[in-house]
Structures are given as structure tokens and as C-alpha cells.
2 protein chains.
Amino acid sequence: MTTSREIAQLCGVSVATVSRVFNQPSTVSRQTRERVERVARELDYRPNESARALASKRSTLVGLVWDTDHRRPGWRHPFLQDLLLGLKSALSAHGYHLLMLATSGAETGSANLPAVGASLADPVAYVNMTRRHHLGGLILIDSGSDAAAFAAFAQSGIPCVALDVAIEGPRATYVTSDNTDGAEQAVRHLIAGGHRRIATITGPPDNQPAIDRLAGYRRAMAEAGLPVPEEYVAEGDFYRASGQAAMRRLLALGEPPTAVFAAGDEMAVGALLTAREAGLRVPGDVALAGFDDIEIAALVDPALTTVAQDKAGFGVAAAEAMLAMINGSGGDTPAPRRLPTRLVVRSST
Amino acid sequence: MTTSREIAQLCGVSVATVSRVFNQPSTVSRQTRERVERVARELDYRPNESARALASKRSTLVGLVWDTDHRRPGWRHPFLQDLLLGLKSALSAHGYHLLMLATSGAETGSANLPAVGASLADPVAYVNMTRRHHLGGLILIDSGSDAAAFAAFAQSGIPCVALDVAIEGPRATYVTSDNTDGAEQAVRHLIAGGHRRIATITGPPDNQPAIDRLAGYRRAMAEAGLPVPEEYVAEGDFYRASGQAAMRRLLALGEPPTAVFAAGDEMAVGALLTAREAGLRVPGDVALAGFDDIEIAALVDPALTTVAQDKAGFGVAAAEAMLAMINGSGGDTPAPRRLPTRLVVRSST
DNA sequence: CTGAAAGCGCTTACAG
DNA sequence: CTGAAAGCGCTTACAG
């Protein structure tokens with residue numbers, strides 16, 4: 001590994017000048033700058049990240065908080081792969097790397113070293129990791145009910161971008177899909193298909209996207225002047241089994257719905273299975289729409305009408321917000337972003 | 001952030017002693033050690049990672065090489081989420097974090113700073129990143145045809161663990177499923193079901209798991225004394241569309257197979273769709289088995305018989321191999337691991 | 001068993 | 001525009 005000292009010697013300048021060429025190029029004369037740049041390129045020089053972070057207190061790392069504790073409900077993210085891909089490529093384009101922060105398992109840490117992993121039960125641990133590594137900020141992926149911990153991060157002053165959960169703080173923002181609008185589109189589509197008895201299967205009541213999707217359902221129903229009897233709002237938890245259970249309850253009703261909007265595709269698939277078991281034709285006897293457009297949505301029979309999110313765009317938007325805060329002058333925290341969704345009509349409606 | 005200096009002052013010792021308590025505890029008297037440990041715990045002290053890495057030349061980071069260049073064929077990993085989960089939790093348990101290394105996009109790097117991202121076309125860039133960040137090693141995920149680049153990493157002396165691709169080098173090893181055995185199990189199962197005309201849809205011919213699965217198919221066929229006409233080996237690329245195309249070719253044969261083993265579930269699903277289109281009943285007219293046990297395998301109709309890999313165990317095994325090399329005395333590179341697979345019989349056979 | 005000192009490779013005021 | 005110097009917070013021979 002070539003060091004700044006070697007470059008400096010070869011160019012007949014001090015290491016300070018070499019450093020300036022890469023950090024405040026405008027303060028260096030064009031002549032020296034070009035000389036240093038050329039030699040650096042030839043020797044494939046790049047500053048040592050540990051030294052740079054130590055001296056400048058800023059690294060090129062952005063932390064990812066994604067609690068994978070087995071003991072958590074830990075629902076699988078509907079599109080983690082695309083999300084990571086978007087995050088990573090947008091960060092990469094600006095020279096940043098994504099650090100998946102260790103989460104403390106039961107017996108984290110060696111016998112001697114203090115524990116290294118963090119748990120969302122103890123947000124301070126993450127804050128400490130952020131400072132020890134001089135991370136540029138934290139990207140927060142909700143794994144179920146991390147809102148409280150995320151709020152703590154947001155207050156710490158560390159740049160934070162949360163996905164699908166609203167946070168606020170001096171340097172905190174979030175990215176989400178326009179869940180309300182997406183749900184509204186789906187329910188309007190059902191209404192346009194002639195349905196009037198339309199039920200919904202919701203996500204967990206403390207989950208923001210779930211709340212917003214329910215609001216979209218209610219709004220579309222209200223717009224059309226359709227009633228929403230209490231029993232038509234069946235609670236689920238985004239998992240398939242809860243969709244099955246909710247669908248059984250709906251079908252057992254005196255006046256069962258002729259259409260169901262499930263706030264997540266997994267639940268929609270569960271509802272589909274239950275309808276099939278009950279001998280109902282989909283969409284003939286009951287129409288079904290979901291949310292997320294996960295891979296299996298297109299594959300079940302009948303293929304599921306659903307609301308697609310901009311999966312990779314989600315990651316890109318989060319990365320952009322983070323970079324804006326890192327490079328920004330400080331006061332300019334980006335506003336929350338609400339990405340548009342798109343109704344994908346298939347044969348289940 | 002409390003520093004080692006503060007701890008030292010509070011304990012009335014030198015920073016050297018504080019450092020020793022955490023790095024070579026046996027060289028410190030029990031009395032001082034306990035005092036330092038207590039104070040450190042009270043102040044929630046943990047060493048600054050940048051400083052530690054700079055001074056010791058070793059960090060608590062392990063790099064993940066996963067090329068996500070859009071221009072690559074970039075087939076989606078069949079179970080990236082579980083893989084990451086396994087990796088992350090096993091690394092976390094030993095205080096290591098996973099660093100997703102930036103890949104150079106088209107225009108990586110700011111105007112002034114040298115480009116930061118690396119491309120597999122230029123393995124040296126990754127090697128440099130490894131040294132600049134003092135990474136403990138590199139975990140290599142193949143995204144299609146990275147074998148050449150991976151071989152270069154393996155020769156660099158950096159601890160490397162590849163997933164599903166065989167590498168060798170002074171400190172290199174790999175983890176894979178027992179693909180041959182898994183395929184053999186699947187094909188034996190078809191044979192046991194009375195089939196004799198059994199075809200296979202393969203993965204790319206340069207892909208190691210694809211090669212091994214084909215070998216397993218051949219072995220099972222040979223064991224049973226069944227012929228394998230050339231046309232019964234239909235090449236695919238692991239994607240669904242290739243499974244459809246291959247299935248069409250197989251069905252057009254003079255003597256079409258009565259059973260097909262696809263070397264990947266996506267292709268098996270493609271084959272299933274094609275069979276359905278052709279008006280064939282599965283498994284009545286043609287039985288189908290896949291490989292991977294991805295989520296949709298259980299969901300298609302009929303549900304797919306397939307070979308399940310130990311998804312999270314994959315990540316754990318890779319992490320363990322890496323940790324063994326990092327903490328090992330040096331000479332002891334772990335032997336490649338071949339994880340057992342498990343046949344999951346469903347209704348497509 | 002412990003401390004003083006050098007050093008890891010940078011960055012950043014401070015002078016000039 | 002440039003350099004000398006201090007410093008970032010640790011670790012690690014080297015003495016004692």
C-alpha cells in the first residue's frame with residue numbers, strides 16, 4: 001500500500017499538500033495538484049481509511065441497522081434484496097460503503113473484549129458504534145416494532161434515514177411508499193369492478209405502512225359512499241398465516257365480502273389459499289388484491305392484483321437522503337420522501 | 001465517547017495498560033485488570049475502531065464482495081436474505097461486522113477523490129479496499145461468472161471464503177451445498193416413482209453448482225442403469241424463462257421424458273408453466289423436481305418437490321470459516337465445507 | 001507486571 | 001500556495 005508520504009516524496013511536496021489535493025483541491029496550485037494527481041494515479045494511491053477516519057472523524061461508511069435477532073418476530077422484509085441493491089449502488093456512486101452493524105446475540109463479545117454487537121433494546125450501543133467507527137450515518141430498517149429505538153437514534157443528532165417508519169430529529173428523515181394512495185388505487189379498482197362489499201385485511205396496528213394502507217382503504221370506500229362495517233376490517237400481521245385466519249373470519253360473516261384488499265401480498269396469498277380451500281373461485285366468488293408485488297404475486301393462480309412499490313428506488317432514495325445530510329452544510333435535512341406506487345392488475349380481480 | 005486515556009487516568013494507570021487489559025489480559029495483574037474492566041464498564045468504554053485499526057492493522061470488519069452491477073447478468077441470489085442473516089449473526093457473535101463493499105458504477109468517485117468502488121473486472125481494487133480498511137477478510141458471493149476474479153483474491157493472501165464456487169489459495173476456502181448428492185436424491189426419488197425417461201434442465205455449464213447437480217443426475221441414472229440420451233440434458237441458466245424454453249424442447253422430443261429434474265427452482269417453475277400451457281398434468285403426465293427450495297416452490301400448484309439447502313447455515317458456515325482464519329495462527333486454513341441437502345417431497349412428483 | 005515512547009497514516013489549524 | 005507541527009486514539013516493542 002502506498003502512503004501519502006511516498007507520494008509526497010516522489011512529488012517533492014509535504015504530506016499536507018498531498019492531503020489537500022484530495023480534500024480541498026481548490027487550495028492547491030494547479031501545477032502541484034496535477035503532479036500529485038498523476039503520481040497518485042500511477043501508484044494507485046488511495047488514502048488509508050482508518051487513518052483518514054481517525055484524523056478527520058469521518059469515514060466513508062454508512063451503517064445499516066437491521067435487527068435479525070431470532071427471538072424477534074422478525075418478519076422477513078418483502079424485498080430486502082432489491083432494497084440493498086438500490087442502497088448499495090447509490091452509496092457506491094459516491095464512494096460510500098454499507099456496514100451491516102452487528103447485533104448482539106445472547107453471548108456477544110469475547111471473554112475479554114466488551115460486547116460489540118448492539119441491540120435495539122439498547123439504542124445507545126448503536127450510537128456508540130456509530131461514533132467509534134465514525135460512520136456517516138445510519139440507515140434504519142424496521143424489523144417489526146423498532147419505532148421506539150429509531151426515535152432515539154433520530155434524537156441523537158446522527159444522520160438517520162428510516163425506511164417505512166416516520167422519525168423526526170435534527171438530522172433524521174425517512175423514505176416510504178405512498179401507502180395510502182396505493183391502497184386507495186387498489187380499492188378503487190375493486191369498486192370499479194362493481195364490488196360494494198369490500199373488506200380489508202390489515203397489517204399490525206402499530207405499523208405505519210399498515211396504518212396508511214388502512215387509511216387508503218377507508219378513503220376509497222368513503223369516496224364511493226360505501227359502508228365499512230367493523231367486521232370488514234380484519235387484523236393481520238403481514239404473514240401468510242394471518243391472512244388465512246383473517247380470510248376465514250371474513251368468509252364466516254353473515255354477509256361475507258365479495259372482494260378483499262389485503263395490506264400485504266403474503267396475507268393476500270394466505271387469503272387466496274383459504275378461498276380456494278373454501279371452494280370459492282377467485283375472482284368469481286371473491287376478488288383479491290394485495291400490496292407489495294413480491295415475486296410470488298405474479299405466480300400464484302390466479303395471479304394477484306397488487307400494488308407495486310419501487311423496490312430498488314426505495315434504497316436509492318434512502319441513500320440519496322443520507323448523502324445529502326453527510327455532504328450537506330448541516331442545516332438542510334431532506335424532507336421525507338413518499339415514493340409513488342403503481343397498481344398492477346392481474347387475474348385475481 | 002470516552003477514550004482509553006480517560007480510563008487510564010481514572011484508574012491511575014497508563015493507556016498501555018488499558019490497552020493490554022483488552023488485548024492481552026493475561027499480561028496484566030488481576031487487580032489492575034479488574035479495576036480497569038470495572039471502570040470501562042461503568043463508562044461504557046469501547047476502543048475507537050479507527051484508531052485501533054490504524055495501530056494494530058486489523059479491524060473488526062469483514063468485507064462482502066457481491067457485484068450488483070446492473071449490466072451484469074446478475075442473477076438474483078436464490079436466498080440472499082437468509083444467507084446474510086446467517087453471516088451477520090455468526091460474525092456478530094464474535095464482534096465482527098459485515099461491510100458491503102462498494103462496487104464501481106459507471107462514474108464512481110467524486111471529481112477529485114480517486115474512485116472508491118471496485119469492479120470484479122479489476123480485482124486489485126478490492127484487494128486495495130481490503131488493505132485500506134484493514135478488513136479481516138473477504139466473503140465472496142458469486143453473481144454469475146466471477147470465478148476468475150475470485151481466484152485472484154484467493155491468491156492475494158487475504159482470507160477469503162467463497163460461496164458456491166471453489167477457490168484455492170494460501171488462506172482461501174469455500175462453502176457449498178452437497179449439490180451432487182442433492183441432485184442424486186431428487187433423481188432417485190423420481191426413479192423410485194417408476195420413471196425411466198427422466199430428463200434434466202441444467203444451469204450454466206460454467207457454474208459449479210450446476211456442474212455438480214448434473215453430475216448427481218447422471219450418477220443416479222447410471223446407478224439405476226437408465227440411459228441418458230443427449231437430448232435429455234437441456235441447458236438453462238437458472239432463470240425461469242430458460243426453464244420454459246428447455247421444457248418446450250423436451251416436450252417436443254420424439255420420446256419426451258415422463259419426469260424432469262430442474263437444477264434450480266426458478267427453472268422448475270418455468271417448466272411447470274410450460275407443462276401447464278401444453279395441457280399436461282403435473283405430476284400425472286410429467287413429474288417435476290427442482291433445487292433450492294425457494295419460497296415459491298411451496299406455493300405453486302402443484303407444490304414443487306425440491307432439494308432444500310441449509311440457507312442460514314450457509315452463511316453461518318462461511319462466517320465460521322472466516323473467523324477461523326482471522327483468529328487462527330495462520331497456517332490453518334479450514335477445509336472446504338459441503339453442507340448436506342434435504343429432499344422435500346411435495347405434490348409435483 | 002507496568003510505563004514511556006514511538007508509531008500507525010492521515011488531517012487541520014497555524015504560520016509564513 | 002505550502003510546510004512544519006500537533007494531534008486523532010489506539011497498539012506494541014522496549015526497558016525496567
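Lettering of chains follows the sequences in order, A, B, ..., and the numbering in each one begins at 1. Bear in mind that the values here come from a model prediction, so they are computed numbers and not experimental data.
The shortest distance between the side-chain N/O atoms of B:S4 and the OP1/OP2 oxygens of D:dC10 is below 4.0 Å. Close to D:dG9, at under 4.0 Å from its OP1 or OP2, lies no side-chain N or O of B:Y45. The phosphate of D:dT11 has OP1 or OP2 within less than 4.0 Å of a side-chain N or O from B:R52. Contact between the side-chain N/O atoms of A:T32 and the OP1/OP2 oxygens of D:dC1 is not found at any separation under 4.0 Å. The phosphate of D:dT11 has OP1 or OP2 within less than 4.0 Å of a side-chain N or O from B:N23. Phosphate contact (OP1/OP2 of C:dT11, side-chain N/O of A:S56, threshold under 4.0 Å): absent.
Atom CZ in B:F22 sits roughly 15 Å away from atom P in D:dT12 (whole-Å rounding). We find that CZ of B:R131 is positioned 15 Å from P of C:dC10, with the value rounded to whole Å. Rounded to whole Å, the distance from CG on A:N48 to P on D:dC8 is 18 Å. The nearest whole Å value for the distance from the CD atom in B:E6 to the P atom in D:dG9 is 9 Å. Put simply, CD on A:Q24 is 10 Å from C1' on C:dA13, counting in whole angstrom units. To the nearest angstrom, P of D:dC10 lies 13 Å from NE2 of A:H133. Note: CZ (B:R58) to P (D:dT11) measures 10 Å, nearest angstrom. Separating the CZ atom of B:R5 from the C1' atom of D:dT11 is a distance of 16 Å, rounded to the nearest angstrom.
Side-chain atoms of A:T32 and A:S29 include a donor-acceptor pair closer than 3.5 Å. The closest side-chain donor-acceptor pair between B:S59 and B:E49, if any, does not fall under 3.5 angstrom. Between A:N48 and B:H133, the side chains place no donor N or O within less than 3.5 Å of an acceptor N or O (distance only, hydrogens not considered).
When the nucleotides C:dT12, D:dT11, D:dC1 are ranked by their closest atom to the side chain of A:S29, D:dC1 comes out on top. Counting only heavy atoms from C-beta on, A:L54 has its side chain closest to D:dC8 among D:dG3, D:dC8, D:dC10. Distance from the side chain of A:A16 is smallest for C:dT12 among the nucleotides D:dG9, C:dC10, C:dT12. Comparing D:dG3, C:dG3, D:dG9 against the side chain of B:V13 picks out C:dG3 as the nearest. For A:R20, whose side chain is taken as the heavy atoms from C-beta onward, the closest listed nucleotide among D:dC10, D:dT12, D:dA4 is D:dA4.
The residue A:V18 sits apart from the nucleic acid: no heavy atom pair falls under 4.0 Å. Using a 4.0 Å heavy-atom cutoff across all strands shown, B:T27 reaches at least one base atom of the nucleic acid.
B:E34 and B:R38 are not joined by a salt bridge, as no carboxylate oxygen comes within less than 4.0 angstrom of a charged side-chain nitrogen.
Ring pair A:Y45/A:F22: centre-to-centre distance below 6.0 Å. For A:F314 and A:F79, the ring centers are positioned less than 6.0 Å apart.
Each of A:V15 and A:R33 has a nearest nucleotide on DNA chain D; the 5'-most of these lies closest to A:R33. Residues A:T17 and B:H134 both approach DNA chain C. Their nearest nucleotides, taken by heavy-atom distance, put B:H134 toward the 5′ side. Between B:G12 and B:K57, the residue anchored nearer the 5' end of DNA chain C, judged by the nucleotide with its closest heavy atom, is B:G12.
The base-pairing partner of D:dT2, taking Watson-Crick or G-U wobble contacts with both distances under 3.5 Å, is C:dA15.
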